[in-house]
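Below: one structure, written as structure tokens.
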Amino acid sequence: MNHIMDRRIRAAVTTEAETFVPTELQEIEINLLLEGLYQMYGYDFRGYVRASLSRRILNRMKAERLPSITALLEKVLHDRAFLERLLNDLSIRMTEMFRDPSFFAAFRSQVVPLLRELPEIRIWHAGCATGEEAYSMAIVMLEEGLADKTTIYATDMNEKALSAAKNGAFPLKKMQQYTKNYLNAGGSKAFSEYYTTDHQYAYFHPVMDERLIFAQHNLVTDSSFNEFHVILCRNVLIYFDNDLQKKVHSLIHDSLADGGLIGLGSKESILFMPKGVQYEEFNPQERIYRRGQSSTALPR
Ligand SMILES: C[S@@+](CC[C@H](N)C(=O)[O-])C[C@H]1O[C@@H](n2cnc3c(N)ncnc32)[C@H](O)[C@@H]1O
């Protein structure tokens with residue numbers, strides 16, 4: 001019986017590719033839900049792009065066999081465990097090691113020479129998901145001989161993603177793709193040197209030990225916590241509406257040293273933001289921009 005129900009529910013779930021247009025009533029319910037999440041728990045999704053968010057909310061409602069979004073709001077206000085499930089749905093954690101290998105190749109050949117000049121290097125991965133991007137960066141810095149003077153801060157709002165990141169265990173079946181990415185990103189070692197395996201997972205060696213720090217930080221509600229020479233905020237801002245993007249760009253700007261570099265995702269840009277004029281295109285193809293000021297902390 002349960003099997004049949006499950007199949008029906010699965011069939012009713014809307015996939016990422018499908019367009020979901022909420023009714024007027026559902027729009028009102030979604031607004032109330034987002035307001036409730038913010039007021040009760042401080043999670044602020046009010047400025048996220050609606051289409052994807054609405055679809056995910058509706059899918060959770062169906063998976064929980066709830067009759068309406070209002071019922072879902074009621075449940076989330078009273079049930080902390082349910083909140084975790086919903087948060088997990090609302091944060092899109094898709095990532096990979098050396099994602100967009102040409103980005104990491106450009107980082108190695110163009111950004112690393114600048115960083116080499118610094119006495120110490122601070123890098124921030126904002127929206128690091130399960131940590132693959134930060135581990136990739138740690139490997140680059142290690143191979144370039146800069147690990148000893150580098151600290152990598154990798155943050156996300158999603159606690160579950162962060163605890164996976166801290167474990168540094170990634171599905172073994174992904175290693176073939178990640179090895180390919182690593183080599184295309186300019187890696188020249190045997191990638192398997194960096195991990196040990198069991199039948200299910202690849203366990204990464206602690207490449208930078210305590211110099212790779214994972215911590216919770218919400219880009220929407222938390223403020224700047226340090227000044228960085230490099231910030232990677234890739235494939236995060238695409239989920240935010242225009243006003244929220246402006247707010248987060250301002251936070252990034254305040255967190256970036258003069259002459260520091262920001263790396264964005266392949267569909268993201270900084271140039272149309274209010275503070276966009278304060279950046280120069282360092283490598284526009286790879287979405288790397290440089291905060292330009294007269295006195296610079298990074299050599300020009
Ligand atoms: C698609 S992943 C990108 C991961 C990685 N940067 C990459 O490009 O492979 C987006 C991540 O942004 C995080 N995120 C979304 N909203 C956030 C916010 N307000 N504060 C911090 N992280 C957020 C999500 O939890 C998710 O882990």
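Quick caveat, the model's predicted, so the values are computed rather than measured. Read the numbers this way: they start at 1 and go in the same order the structure lists the ligands and their atoms.
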Item to check | Sidechain N-carboxylate O distance under 4.0 Å for Arg234, Glu268 | outcome: no
Item to check | Modelled atom types, side-chain donor and acceptor of Asn88 and Arg56, under 3.5 Å | outcome: no
Checklist outcome for this item: Note: ligand 1 atoms sitting under 4.0 Å from heavy atoms of Ala129 are 4 (C), 27 (O)
Item to check | Proximal atoms of ligand 1 relative to His217 (non-hydrogen, under 4.0 Å) | outcome: 20 (N), 21 (C)
Checklist entry - Heavy atom under 4.0 Å from ligand 1: found in Glu133's side chain, backbone, both, or neither? => result side chain
Checklist entry - Looking only at atom types and distance, does a side-chain atom of Glu280 sit under 3.5 Å from a main-chain N or O of Arg290, one as donor and one as acceptor? => result no
Checklist entry - Given the rule in the salt bridge (Lys or Arg N to Asp or Glu O under 4.0 Å) test, do Arg108 and Glu144 qualify, once you have shown the distances and angles that lead to the verdict? => result CA-CA 8 Å; Arg108 227 187 242 271; Glu144 295 296 331; 2.9 Å; yes
Checklist outcome for this item: Of all protein heavy atoms, the one nearest atom 10 (C) of ligand 1 is Ile92 O, 3.1 Å
Next on the checklist: Heavy-atom pairs closer than 4.0 Å: do any link ligand 1 to the side chain of Glu132, the backbone, both, or neither?
Outcome noted: neither
Checklist outcome for this item: Among non-hydrogen protein atoms, atom 22 (N) of ligand 1 lies closest to Met157 N, 3.4 Å
Checklist entry - In the protein, which heavy atom is nearest to atom 20 (N) of ligand 1, and how far is it? => result Leu219 N, 2.9 Å
Checklist entry - With a cut-off of 4.0 Å, which atoms of ligand 1 are near a heavy atom of Val220? => result 19 (N)
Checklist entry - Is Val236 touching ligand 1 with its side chain, its backbone, both, or neither, if touching means heavy atoms under 4.0 Å apart? => result side chain
Checklist outcome for this item: When distances are taken from atom 9 (O) of ligand 1, the protein heavy atom at minimum range is Thr95 OG1, 2.5 Å
Next on the checklist: Show the atoms of ligand 1 that are less than 4.0 angstrom away from any heavy atom in Tyr48.
Outcome noted: 15 (C), 16 (N), 17 (C), 18 (C), 19 (N)
Checklist outcome for this item: Residue, atom and distance of the protein heavy atom nearest atom 8 (O) of ligand 1 read Asn235 ND2, 2.8 Å
Checklist entry - Where is the nearest protein heavy atom to atom 4 (C) of ligand 1: which residue, which atom, and how far? => result Gly127 O, 3.3 Å
Checklist outcome for this item: In this structure, atom 7 (C) of ligand 1 is nearest to the protein heavy atom Arg99 NH1, 3.2 Å
Next on the checklist: Quick test: of every protein heavy atom, which one is nearest to atom 13 (C) of ligand 1, and how far off is it to 0.1 Å?
Outcome noted: Asp156 OD2, 3.3 Å
Checklist entry - For ligand 1, which atoms sit closer than 4.0 Å to a heavy atom of Ser91? => result 24 (C), 25 (O)
